[in-house]
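One structure is given here, and the rest of the page talks about it.
Letters go in sequence order (proteins before strands), and every chain restarts at 1.
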2 protein chains.
Amino acid sequence: MTVDRGTRPTRRAVPSTRPPGEGLATADAGGAARPVPAATVARLAVYLRVLTTLLDEGRTVVSSEELAAAAGVNSAKLRKDLSHIGSSGVRGVGYEVSRLTAEVEATLGLTQPHAVALVGVGNLGHALAGYGGFAQRGFPVAALFDVDPALVGTEIGGVEVVHASEIPRVCAERGVTIGVVATPARAAQEVCDHLVAAGVRSILNFAPTVLAVPAGVEVRKVDLAVEMQVLSFHVARRHGSVPAAGPVTGTTAPTAPTPREAVTR
Amino acid sequence: MTVDRGTRPTRRAVPSTRPPGEGLATADAGGAARPVPAATVARLAVYLRVLTTLLDEGRTVVSSEELAAAAGVNSAKLRKDLSHIGSSGVRGVGYEVSRLTAEVEATLGLTQPHAVALVGVGNLGHALAGYGGFAQRGFPVAALFDVDPALVGTEIGGVEVVHASEIPRVCAERGVTIGVVATPARAAQEVCDHLVAAGVRSILNFAPTVLAVPAGVEVRKVDLAVEMQVLSFHVARRHGSVPAAGPVTGTTAPTAPTPREAVTR
DNA sequence: ATCTGTGAACATTTTCACAGCG
DNA sequence: CGCTGTGAAAATGTTCACAGAT
């Protein structure tokens, strides 16, 4: 930001000392190549949602500009992201919606469903279990666990709650590949260990703790307190100093949250 | 990764074209300086949780190494983060827990409570409203909104659910500074607009949509589908190719997830 | 003429490694 | 010594701007 292009110090003539094909596609511990940058992966999921909507609307092609706007990123980033998955748009035209959708889905590994185990059917866990979004999007909730005797044996969304001690057996039987931890903080690490022991290699953690896991296990964390505190930081910063620019009727730019460059420009 | 430093391919005599004190502290649209990098802010919240735990345990000092380990980052990063908030540890000793806690809280703007409005008291929203975590951490839920006549008038956690059309009035009256959107996707933008019109400048969005907001409004998004799909990507990648290194009893390195370099080396 | 794909500039974030305080 | 604070290197991510396909 703050850019002010136009100045263009024109430093050109950079020796370009970069070894040939390095930069991305770095190999990982396992030895498998990772051609898709982490930051890109997270955005692919967003693009996919927009694409799904477009498909429903019967759209057949979309430009990078439009897709980017709907996803809240700029078009250059979108095109670079898509270039990483080897996608192929048509110059002068755009991307074929159905094809691009399929490519993104393939990249994200969504061509097959991933059985999910949800541990902790308390306040939040219960809501997650009842939330249809999981199954809808190819993540069927295959198992529910808790330690509370009052909950074990009950059924949520057609799935019976089983005691957490059964995690190894049940996860193995039902082919669980993704675990969701929605327990209190103090129970989270133990639950996580059981999931890992059961062969689960991807975990979504809602408990406010950092989970320790062996190499090869991916943990993603959703922490409400962290989100709120980050917002608090911004409240404190701007402290009402915002000019409340224009009629605050929302609906500014559906594109990049705001054309800050235009301001700087 | 993959580094193999030591090779050091051409050191590239960088002309060091950088203007003196630039790099961080970039000014923003508003004109206010932001000395704390965004990436750091998000981690401060994590450090804070660990610090709180340490306080409860009666600890008085902690080293960057230990704090970093508990927070799941490496110690260099932690020290750099803390340096941005002007913190002051004691060399050869560590950080005073209570003092550091206060400094982090001050930076995050947690010295005063932030009234929260939660819009959408459906499945997820209800769970969030009932979740004690908000109030506990200085984010009292000051208002609940929904459009469902069956919900309006009911009470959750001592707060009455009000019709969403009242957002402007109620938010103003109760001094709401943070809004949480937990509505279905189709309603999210409109709700967001109302919140913004009511003066809310920080929004946490659980709806699977990109919200368009005017400049000066901060939106953070929690998207379960995105998280799941990112995990799916990793499931697809490692496809059971993981060597299952060592006894899978968890508790590997609480610090840096794993010394990958050692492997590559 | 239009819109993708991409090299290279730029910006941010992470990591290293070490000077220097206690 | 042990441990913080920090310059500087490396890595990662974003944006620009344009060549080139259609």
Side-chain angles (χ1 to χ4, degrees), chain A residues 1-18 20-26 34 36-43 61-68 73-96 100 256 260-261, chain B residues 1-14 16-19 21-26 34 36-43 61-68 73-96 100 256 259-261:
Chain A
M1 294 118 188
T2 325
V3 187
D4 164 48
R5 259 176 316 111
T7 314
R8 180 80 68 85
T10 331
R11 156 76 33 172
R12 198 95 51 113
V14 178
S16 170
T17 344
R18 237 191 319 160
E22 291 281 297
L24 30 91
T26 38
R34 186 210 309 180
V36 186
T40 292
V41 173
R43 284 188 299 261
V61 291
V62 66
S63 69
S64 65
E65 200 64 58
E66 185 182 359
L67 186 49
V73 303
N74 75 37
S75 64
K77 192 188 288 183
L78 178 127
R79 290 199 301 276
K80 179 134 314 203
D81 283 342
L82 294 186
S83 80
H84 287 130
I85 71 172
S87 112
S88 203
V90 180
R91 294 176 192 226
V93 180
Y95 301 87
E96 191 192 332
L100 184 53
R260 314 194 189 200
E261 300 192 15
Chain B
M1 293 118 184
T2 327
V3 188
D4 163 49
R5 268 177 307 112
T7 314
R8 183 78 65 83
T10 353
R11 125 139 32 188
R12 187 224 280 249
V14 180
S16 170
T17 343
R18 235 192 320 161
E22 289 282 297
L24 30 93
T26 36
R34 186 207 312 180
V36 186
T40 292
V41 173
R43 284 188 300 261
V61 292
V62 66
S63 69
S64 66
E65 199 64 60
E66 184 182 358
L67 186 48
V73 303
N74 74 38
S75 63
K77 191 187 290 181
L78 178 128
R79 289 199 302 276
K80 173 94 41 178
D81 283 341
L82 293 187
S83 79
H84 288 128
I85 69 172
S87 113
S88 202
V90 180
R91 297 179 191 222
V93 180
Y95 301 87
E96 192 193 330
L100 184 54
R260 313 192 192 204
E261 301 193 17

How many Å lie between NZ on A/Lys77 and C1' on C/dT6, as a whole number?
17 Å

Can you tell me how far P of C/dT14 sits from CG of B/Leu78, to the nearest Å?
12 Å

So if I take every side-chain heavy atom of A/Lys80 and compare against D/dG5, C/dT15, C/dT6, which nucleotide ends up nearest?
C/dT6

Grab the NE2-P distance between A/His84 and C/dT6 for me, whole Å please.
9 Å

Could you tell me how far apart B/Glu96 (CD) and D/dT4 (P) are, to the nearest whole angstrom?
14 Å

With the side chain of B/Arg91 defined as its heavy atoms from C-beta on, choose the nearest nucleotide among C/dC21, C/dT13, C/dG5.
C/dC21

Check the phosphate of C/dT14 against B/Asn74, side-chain N and O only, distance under 4.0 Å to OP1 or OP2. Yes or no?
no

Just wondering, do A/Arg79 and A/Ser75 contact through their side chains at under 4.5 Å, heavy atoms?
yes

When you get a sec, tell me which of D/dT4, D/dG5, C/dG5 is the closest nucleotide to the side chain of B/Ser88?
D/dG5

Side-chain atoms of B/Ala39 come closest, of D/dT15, C/dT14, D/dG13, to C/dT14

Out of D/dG5, C/dT13, C/dT4, which has the shortest distance to the side chain of A/Ser64?
C/dT4

In whole angstrom, give the distance that lies between atom CD of B/Glu65 and atom C1' of D/dT4.
12 Å

In whole Å, I'd like the distance from the CZ atom of B/Arg43 to the P atom of C/dT15.
9 Å

Minimum heavy-atom distance between A/Val62 and A/Leu67, given as atom pair plus value:
CG2-N, 3.9 Å

Side chain of A/Val90 (C-beta onward), nearest among D/dT22, C/dT14, C/dG5:
D/dT22

Which heavy atom of A/Thr40 sits nearest a heavy atom of A/His84, and at what distance?
OG1-ND1, 3.7 Å

A/Tyr95 OH - C/dT2 C1' separation (whole Å):
13 Å

To the nearest 0.5 angstrom, please state how far the OG atom of A/Ser64 sits from the CG atom of A/Leu100.
11.0 Å

Among C/dA17, D/dT14, C/dT15, which nucleotide has an atom closest to any side-chain atom of B/Arg79?
C/dA17

Ignoring the backbone of A/Ala76, work out which of D/dA17, C/dT13, D/dT14 is nearest its side chain.
D/dA17

Can you tell me how far P of D/dC3 sits from CG of B/Leu100, to the nearest Å?
16 Å

Could you tell me the separation between the CD atom of A/Glu66 and the OH atom of A/Tyr95, rounded to the nearest 0.5 Å?
13.0 Å

